[in-house]
Amino acid sequence: MDCCDTPAPAAARPDDLRLAIVGPPNCGKTALFNALTGSRQHVGNYSGVTVERKAGLAKLPSGASIGVIDLPGTHSLRARSPDEVVTRDVVLGRHHNERVPDLLLVVADASAPRSGLRLAMELAATGLPMVLVMNMIDIARHRGIEIDTNALSETLGVPVVTANSVRKGGLDALHAELDAILARGVPEPGPNLWSPPDAADLRLSHRAADRLIARAVTEPELPDTLTNRVDRVLLHPVFGLVFLLVLLFVMFQAVFTWAAPLMDLIDAGFGVVGGFVAAHVPEGIVQSFLLDAVIAGVGGVLVFLPQILILFLFILLLEDLGYMARAAFLMDKIMGGAGLHGRAFIPLLSSFACAVPGIMAARVIDNRRDRLTTILVAPLMTCSARIPVYTLIISAFIPARHVLGVLSLQGLVMFGLYAAGIVSALGVSAAAKFMFWRREPSPPFMLDLPDYKLPRPRSVAIGLATRAKAFLKRAGTTIFAMTVLIWLLATFPFAPAGATEPPILYSFAAMIGHLLEPILTPIGFNWQIAVALVPGMAAREIAVSGLATVYAVGGDSTSALGAILAANWSLATALSLLVWYIFAPQCISTLAVIRREAGGARWMWLTFGYMFVLAWMGSFLTYHLAVLLGAG
Amino acid sequence: MMISPQPIDAASLPGHVPEAAHRPLGALHRGFSGHVFRILPAAHSNTLPAEEMERRLIELGFVEGARVAILHEGLFGRDPIAVRVNGATVALRRREAMAILVS
C-alpha cells in the first residue's frame with residue numbers, strides 16, 4: 001500500500017471522513033486524541049455492545065475538520081478481551097454500529113516502539129490507509145532513543161510522523177501530514193488480507209519487527225535503568241507490599257484531612273446563602289423548599305466535592321505513573337488466593353472512585369470467569385459516593401482525637417471501613433470460587449509492566465475536570481430531583497388542624513418509613529433513616545441530603561446535621577448504619593452496569609441479593625453487639 | 001511438569017545446545033539471565049489450549065533466541081515474576097513461565 005502514488009479519488013468531504021486512533025495500551029492514544037480534538041469531544045456508549053469509545057472532531061490548520069474516534073488499546077487484532085474485540089470489529093468493519101474508518105492513525109510509543117510497530121505491520125494487512133505516529137517522542141529522545149522515520153516509512157510504505165501530545169506545536173507534523181492527505185484525497189482501501197495469525201505467523205512477525213527496529217531505531221548504549229532501580233524497591237517482595245499499603249493509607253488519610261479546609265469553605269458558603277434566604281424569603285412553603293430541599297439537600301452533597309477530587313487525583317496520578325500494573329503484580333498472589341485475577345486490582349481500585357467505571361474497566365480481563373467475579377465484588381469497594389455518608393456519621397459520632405500523636409482517629413475509622421470493604425470483596429470472591437469454580441485451574445496472568453513516566457499535568461487536569469463536571473451534574477440533576485422528592489414526601493400532606501405532634505409525622509415520608517420499620521428496626525434504624533435509604537438507591541450520597549431534608553423539615557434546622565444526628569441516634573444505630581453502607585446494594589446505575597457488563601439480569605439480582613443479605617446481617621450483628629456493650 | 005521429549009524445530013535454531021542445558025523459566029530465580037530456547041506449553045496445566053498459550057507467550061515477546069532476565073519476584077512462593085524480554089518488562093506467573101525453556 002503506497003498512499004503517495006494512489007490517484008486521488010473523487011474527494012469526499014473531510015467532515016465525512018473518519019479517522020480511527022489505534023495503538024497498544026499505554027502509548028498515549030487518549031492524550032493524542034485530546035490534543036487533536038481539543039475540547040470538542042464527548043464520551044459515548046455503544047448501545048448493546050459494552051464499550052465506551054470517544055468521538056470528536058479534529059480541526060486541521062487548513063481549516064478542514066475530520067472526525068476522530070479513539071479505540072480501546074490492543075496489541076493485535078487477535079482480540080481476547082471485550083475491549084479489544086471492539087477495536088478489532090471496527091477496524092475489520094464487523095461492528096454493527098460503526099462503519100470502517102477511512103484512515104487509521106496507528107500510534108506507537110516512541111520510547112518502546114516494538115508493540116506499536118508490530119501492530120502497524122499487522123494492520124497493514126487490512127488494506128486500510130494509515131499514518132503511523134511515533135508518539136511521546138520527547139520521552140524517547142530524553143532516553144537517547146533515535147527513530148529514523150524515513151526508514152520506517154520506506155519499510156512500511158506508510159507516512160510516519162513523530163508527535164508529542166502535550167507540548168504546543170507537538171502535533172504540527174501530524175497536522176501537516178493529515179492536511180497533505182486530505183489535499184491528495186484519502187486513498188481507497190486495498191483488499192483486506194488479514195486472518196488470525198498462528199504461532200508460526202507470530203514468530204515471523206516478531207522477526208520482521210526485529211529487522212525493522214534494527215533498521216530504524218537506535219537504542220542507547222545504556223538502556224534506561226531508572227525504572228529498574230525504582231522497581232527494585234517498589235516491586236521488592238516485602239518493601240513493595242509495605243509501600244503499597246502505606247500508599248493506600250496515605251490516600252485515605254489525605255481524603256479525610258486535606259479536604260477539610262475546602263469543605264469548611266463550601267459549607268460556610270452555603271451557610272451564608274441559607275442565612276440570606278432565611279432573612280429575605282418570607283416564612284412558608286417557598287422558604288422551606290429553598291432551605292430544606294435546595295440548600296440542606298444539594299448543599300449537603302456538594303460539600304464532598306473536594307474529597308472526591310482528592311481521591312481521583314491519587315488514582316489518576318498512579319495510572320499515569322504506570323504504578324497500577326505494579327500494584328497488580330504485587331497483589332496477584334494475594335488476590336489469587338481469593339480467586340481473583342491480579343488484573344482485577346485495577347478495576348477494583350477504580351471502584352474506590354465509582355463502581356461504574358470500575359466494572360467497565362473489568363473488560364481488560366480476558367477470562368470470563370475472572371471478569372464476572374471482579375464485576376460481582378466491585379460494588380463492595382468503597383466508592384466515593386459512600387464518603388459523604390461515612391464522613392457525616394464519623395464526624396458526628398467518632399471523637400476528633402489523635403492516636404499515637406499523629407493519626408487522626410476519624411481517619412483510622414475511615415481506613416477501617418475501606419479495609420472492611422476490601423476484606424469482604426476478597427471473602428465473597430473466595431466463596432464464589434469455592435462454590436462455582438472449585439475444580440477449574442485459574443487462567444493465566446500476563447501483564448505488561450510499562451516504564452515509569454512522569455504524569456502529564458494537563459492530562460491529569462483534564463481527568464479531574466471531567467470527574468468534577470460529572471459530580472456537579474449529578475448533584476444538579478439526580479440528587480436534586482431526589483431531594484425535591486424527599487422534601488415533597490416529608491412536607492405533604494400537612495398536619496391536620498389541631499395536631500399536637502410535629503407536622504412531619506403526618507407526612508408520606510413518615511408513612512413510608514413506618515412501612516419499612518419492621519425490616520429495619522431489628523438493625524437499629526429509625527423511620528427517618530428508612531426514608532433516606534429508599535431514594536439512596538438512585539445515588540448513595542442522597543441518604544445524606546435525605547436525612548438533612550427529613551430532619552430539617554422535622555424542625556431541627558437550627559444546627560448542623562451531624563449535631564442533630566448525634567442528639568437523635570445512639571452510637572449503636574450509627575455504627576449499624578456505617579456497616580450497612582459497607583454492603584448496601586446500591587446504586588441503580590451500578591446494578592444496571594452489572595447487568596450490561598455481565599450480560600444478564602440474573603447477575604444483577606445475584607449482586608443485589610448477596611449484598612442485601614450481607615448488609616442486613618452485618619448491621620444486625622453490629623447493632624446488637626454495640627447494644628450489649630452499652631452503646632445502645 | 002511433563003515436557004515432550006521430541007523437539008520439533010529446535011535443532012534448526014541458532015545456538016542449539018543439548019536438551020539437558022534447558023530449564024523452564026518458571027523454575028529459575030531473580031538474577032537469571034539467558035535466552036529463550038523453545039516455547040513448549042503443556043496442554044493439561046492450563047485453562048488455555050497449548051496452541052493459544054504458545055501464541056500469547058510469543059505475543060509477549062518470548063520468541064526463540066530472545067534475551068530474557070528475571071528482574072523481580074513476588075513475596076509468596078516467589079510468584080509471580082517480572083521478566084525483562086526484548087526491551088520490555090512483563091509480569092507472569094511461574095506456572096505459565098514453565099512453558100518457556102531457556103538456556
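Proteins come first, then strands; the chains are lettered A, B, ... in the order of their sequence lines, and each starts at number 1. Given the structure is predicted, the values throughout are model-derived calculations rather than measurements.
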Name the region of [X], side chain, backbone, both or neither, that has any atom closer than 4.5 Å to a heavy atom of chain B.
| X | result |
| --- | --- |
| A:L447 | both |
| A:H75 | neither |
| A:A112 | neither |

Carefully, step by step, assess A:L234 and B:H72 under the rule side chain to side chain contact (heavy atoms under 4.5 Å, CB included). CA-CA 10 Å; A:L234 294 192; B:H72 312 284; over 6 Å; no
Option that, when pairs with chain B are counted at under 4.5 Å, heavy atom only, ranks first among A:D198, A:V238, A:D332: A:D332
Greatest number of heavy atom pairs closer than 4.5 Å to chain B - which of A:L330, A:I334, A:L235: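 Of A:L330, A:I334, A:L235, A:L235 has the most heavy-atom pairs under 4.5 Å with chain B.
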With side chains defined as the heavy atoms from C-beta onward, is the minimum distance between B:E54 and A:R203 less than 4.5 Å?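 Yes. Closest side-chain heavy atoms under 4.5 Å.
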B:R56 vs A:R78 side-chain heavy atoms within contact, under 4.5 Å: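 Yes, side chains in contact.
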Do you know which of B:A88, B:A82, B:A66 has the most heavy-atom pairs under 4.5 Å to chain A?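 Between B:A88, B:A82, B:A66, the count favours B:A82.
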For chain A, which candidate among B:L92, B:V90, B:I58 shows the most heavy-atom pairs at distances under 4.5 Å? B:I58
For A:R215, does the CZ atom have more than 12 heavy-atom neighbours from other residues, nucleotides or ligands under 6.0 Å away? yes
Just how far is it from atom [atom1] of [X] to atom [atom2] of [Y], taken to the nearest 0.5 Å?
| X | Y | atom1 | atom2 | result |
| --- | --- | --- | --- | --- |
| A:H341 | B:R93 | NE2 | CZ | 5.5 Å |
| B:R78 | A:K333 | CZ | NZ | 13.0 Å |
| B:L71 | A:L449 | CG | CG | 9.0 Å |

Given A:R207 and B:V63, is the side chain to side chain contact (heavy atoms under 4.5 Å, CB included) satisfied, shown in steps? CA-CA 9 Å; A:R207 306 251 178 266; B:V63 210; 4.0 Å; yes
Salt bridge flag under 4.0 Å for residues A:R118 and B:E59: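 Not counted as a salt bridge, because no side-chain N and carboxylate O are separated by less than 4.0 Å.
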With side chain to side chain contact (heavy atoms under 4.5 Å, CB included) as the criterion, how do B:T89 and A:F329 come out once you've worked through the C-alpha distance, each side chain's angles and the decisive distance to 0.1 Å? CA-CA 12 Å; B:T89 311; A:F329 174 84; over 6 Å; no
